[in-house]
Amino acid sequence: MPRLSYRRALTRALADEMARDESVVVLGEDIRVAAANVTTGLLKKFGPERVRDTPLSEQAFTSFATGAALAGARPVVEFQIPSLLFLVFEQIVNHAHKFPLMTGGQCAVPVTYVVPGSGSRTGWAGQHSDHPYALFAHVGVTTVVPATPADAYGLLVSAIRCDDPVVVFAPAGALDLRADVTDLTPVPLGRGIVRRPGADVTVVAVGHLVHDALAVAEELAGQASVEVFDPRTLYPFDWDGLFESVSRTGRLVVVDDGNRSCGIAGEIIATVVERVRLAAPPRRVTRPDGAVLPFAPALDRAVQPGRDQLTAAIQLTLKDG
Amino acid sequence: MTGSDPLRLYRTVRLIRRFEERAIELVRAGQIVGGIHPYLGQEGIAAGVCAALDREDLVTGTHRGHGHVLAKGADPARMLAELCGRVTGLNRGRGGSMHAADFGVGVLGANAIVGAAGAILTGAVWERRRRGADIVGVTFFGDGAVNEGMLLEAFNLAALWRVPVLFVCENNGYATTMPVEGAVAGTIAGRAAAFGMPAVAVDGQDPEAVREVTAAAVARMRAGGGPELVEARTYRFDAHHTFEHQVRLDYRPPEEVAEGRSRDPVDIAGARLDPAVRAEVDAAVEAELDAAVEYALAGPHPDPATALDHLYASGLTARTGGG
């Protein structure tokens, strides 16, 4: 059974889609040498016309991708740093996302934005460690956060094939994962998965935190039966899948590497309590309000959601109600 | 590409002029909500530039974009219906004045964010050419846009990758109310020079002069040349936006406005025609616009239940906002 790393899963997805579809092109900084270790081998295989190393002009090359998409391409834009998404938020939201509606359906903008190394990389400090997936969910741009190598492959493939803009966050905390992968196959957008079945509480975990949630669930196995739900896509969210889970367990905890106010955890909890009568108040474990990741490793870790916090939140939820 | 055609140029200039005047009437009548940014006085630029383009060539316009859309060949009736927010409009009533688009004639949209369209157009031209189409593109922008970093990044990308894009700066002297002298360090042409792009200034009030410089630039680009810049010097005859018809802003001296209005592209183009021919064109334009207004006002208003139609090309449906 082949072992596949998360990074190579992304590489495979890009290479497979480029081989399958001439309209797929890749743009980004330092991609010819695969500085982010994702576009490895693509230049040699597909040439500089389809693997375009860009100057440090994020706004221009993001909108260049929009234009290319309007003319029939399926561009993939790589950003080495998650915080660059702030710089191109205007280009993605105000143009790529809005063009289909504003033109009355005259066009599609099938661009994929991939961020290999979102969230904290420990020691990269304030301007390189954000995890702004909730911003894109808020504005209605399809947003995926794969947790495993198989999903990294399958969701990136589906993102590239999607006729809308899609942001693919590949958390730094998951990039070094390896897994036995028997079947590389597209993973549908908007479909979550129960990673571990349980009966007492549903833990929704985003991205790399799925693995923390699974570890905590295992630790708590003697005390409680914890179900771990990985939404995989944050927008559109698999509400039906989550309702099914929470309807069985009656309890909800969300662990999310975003800031607390207006974060995806808040949206998940709000939507669940609108529809499901829970046995206990739901809880969330997130970064603090307005978090800026400080440099020193202990401080960096201190503002990220931790297993201890998740354990405590689960125990409180089980005790309440 | 076509050669000199005074009749066609005059017709386009006159069409845009009367279209804008009719649109202002419809703003006053409450049929166009949100107002418009009138292109009055600048018609010679869109007319001259687009006369040097083929149907397959691509353009992007601005918030002051009606002229670009019309000159590239969009149907005035559907354009006016769009301004009136009807389902019969170019964008099915979803775009309005600032986002009017007609992909069928190569208009990738007016774009309401200053300086934003240059990179989009560059990417679109690049992709079409990658697919073997021998096209060029034109992106229109105002003097205010030359201070937007995004546009300067687009200059760099287009020049670096030799994408045949003509950057057309419509320098009407003001970014909303800010005079060029108060906003632009250096020169507009100097920005092109910094990226190794040829630049030429032209009298934007003379559509034939604009057509000539555009045709020359387009010929160089079709022959394998990289992007170029044209600075078309012009004057906005009316308000920045029709809201100024209610709130008079004091930023242009009356003498300056009078002098600016004295060089009218409609008269300059019209003087090249036999008066009888000009009168025939005027009558034909009037008849076309009478029909356009009728068509626009007869079009159905969109059903509120369809407000989020076209939000996702993939067919995804968004959650509604109700409780």
Side-chain angles (χ1 to χ4, degrees), chain A residues 22-23 25 27 48-50 52 54-75 87-88 90-91 94-111 140-142 158 161-166 189-190 235-237 239 271 274, chain B residues 58 60 82 87 89-96 98-104 108-109 111-113 116-131 133 137 148-158 160-161 163 307-319 323:
Chain A
E22 282 277 326
S23 66
V25 297
L27 297 139
E49 189 76 351
R50 294 179 67 196
R52 295 197 76 79
T54 59
L56 306 190
S57 304
E58 292 83 9
Q59 298 185 325
F61 69 69
T62 301
S63 276
F64 182 95
T66 301
L70 292 175
R74 289 187 176 272
L87 192 58
V88 299
E90 200 275 334
Q91 284 70 30
N94 226 3
H95 303 278
H97 171 59
K98 291 184 180 174
F99 259 64
L101 185 141
M102 291 196 306
T103 62
Q106 292 183 57
C107 63
V109 187
V111 183
V141 172
T142 296
S158 294
R161 295 181 189 177
C162 180
D163 283 339
D164 293 321
V166 181
L189 301 172
Y235 187 91
F237 199 94
W239 297 118
T271 302
E274 281 177 332
Chain B
L58 300 176
T60 56
E82 184 58 31
V87 295
L90 290 174
N91 306 30
R92 298 186 167 96
R94 269 68 178 176
M98 287 193 282
H99 306 305
D102 189 347
F103 279 54
L108 303 187
N111 196 309
I113 301 300
I120 295 173
L121 193 269
T122 302
V125 171
W126 176 82
E127 174 62 13
R128 283 279 162 81
R129 291 180 67 87
R130 191 174 77 89
R131 289 161 178 260
E148 294 284 3
M150 193 166 28
L151 182 65
L152 300 178
E153 286 187 14
F155 284 7
N156 186 58
L157 218 53
L160 187 72
W161 292 347
V163 183
L308 291 182
D309 281 10
H310 316 296
L311 178 56
Y312 296 107
S314 66
L316 174 65
T317 51
R319 289 191 290 172

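Lettering of chains follows the sequences in order, A, B, ..., and the numbering in each one begins at 1. The model shown is predicted, which means the values in this text are computed figures rather than measured ones.
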For B:Leu58, is it the side chain, the backbone, both or neither that has a heavy atom under 4.5 Å from a heavy atom of chain A?
neither

Steps toward side-chain contact (heavy atoms from CB on, under 4.5 Å) verdict (A:Leu70, B:Glu127):
CA-CA 9 Å; A:Leu70 292 175; B:Glu127 174 62 13; over 6 Å; no

Side-chain heavy atoms of A:Pro100 within contact of B:Leu311, under 4.5 Å:
no

Pairwise distance CG(B:Leu316) to SG(A:Cys162) - rounded to 0.5 angstrom:
8.0 Å

Quick one: CD1 on B:Ile113 to CG on A:Asn94, what's the gap to the nearest 0.5 Å?
4.5 Å

Which atoms of A:Leu27 come close to chain B, meaning under 4.5 Å heavy atom to heavy atom: side chain ones, backbone ones, both, or neither?
side chain

Give, as side chain, backbone, both or neither, the part of A:Ala65 having an atom under 4.5 angstrom from any heavy atom of chain B.
neither

Just wondering, do B:Glu153 and A:Gln59 contact through their side chains at under 4.5 Å, heavy atoms?
yes

Counting C-beta onward and ignoring hydrogens, is there a side-chain heavy-atom pair between A:Thr103 and B:Arg92 closer than 4.5 Å?
no

Rounded to the nearest 0.5 angstrom, the CG-CE distance for B:Asn91 and A:Met102 is 9.0 Å

Part of A:Val109 lying under 4.5 Å from any heavy atom of chain B
neither

Which one, B:Leu157, B:Leu121, B:Val125, B:Asn156, leads in non-hydrogen pairs under 4.5 Å with chain A?
B:Leu157

Flag, side chain of B:Arg94 to backbone of A:Gly104, donor-acceptor distance under 3.5 Å
no

I'd like to know if the side chain of A:Gln106 reaches the main chain of B:Leu90, judged simply by a donor and an acceptor atom lying under 3.5 Å from each other, with no hydrogens or angles considered.
yes

Find out whether A:Phe61 and B:Thr122 are in side-chain contact, i.e. whether some heavy atom of one side chain is under 4.5 Å from a heavy atom of the other.
no

Minimal heavy-atom distance between B:Ala154 and A:Ala60, with the atoms involved, is N-CB, 4.0 Å

Greatest number of heavy atom pairs closer than 4.5 Å to chain B - which of A:Pro165, A:Gly190, A:Ala68:
A:Ala68

Tell me, for A:Thr54 versus chain B, whether the close heavy atoms (under 4.5 Å) come from the side chain, the backbone, both or neither.
both

Against chain B, label A:Glu90 side chain, backbone, both or neither, depending on which of its atoms sit under 4.5 Å from a heavy atom there.
side chain

So, A:Ser23 and B:Arg131: side-chain donor and acceptor under 3.5 Å apart, yes or no?
no

Please determine, among B:Asp309, B:Leu152, B:Leu308, B:Asp102, the option with the most heavy-atom pairs under 4.5 Å with chain A.
B:Asp102

Is a side-chain N or O of A:Asp164 found less than 3.5 angstrom from the main chain of B:Tyr312, in a donor-acceptor match?
no

Closest non-hydrogen contact found for B:Ala313 with A:Ala108 is CB-CB, 3.5 Å

Using 30° and 60° as the class boundaries, would you call the ring planes of B:Trp161 and A:Phe64 parallel, tilted or perpendicular?
perpendicular

Could you measure the distance from the CG atom of B:Asn111 to the CZ atom of A:Phe99? Nearest 0.5 Å is fine.
5.0 Å

I'd like to check A:Gln91 versus B:Met150 (side-chain heavy atoms, cut-off strictly below 4.5 Å). Are they in contact?
yes

Using a cut-off of under 4.5 Å for heavy-atom pairs, which of B:Gly323, B:Gly95, B:Ala101 has the most such pairs with chain A?
B:Ala101

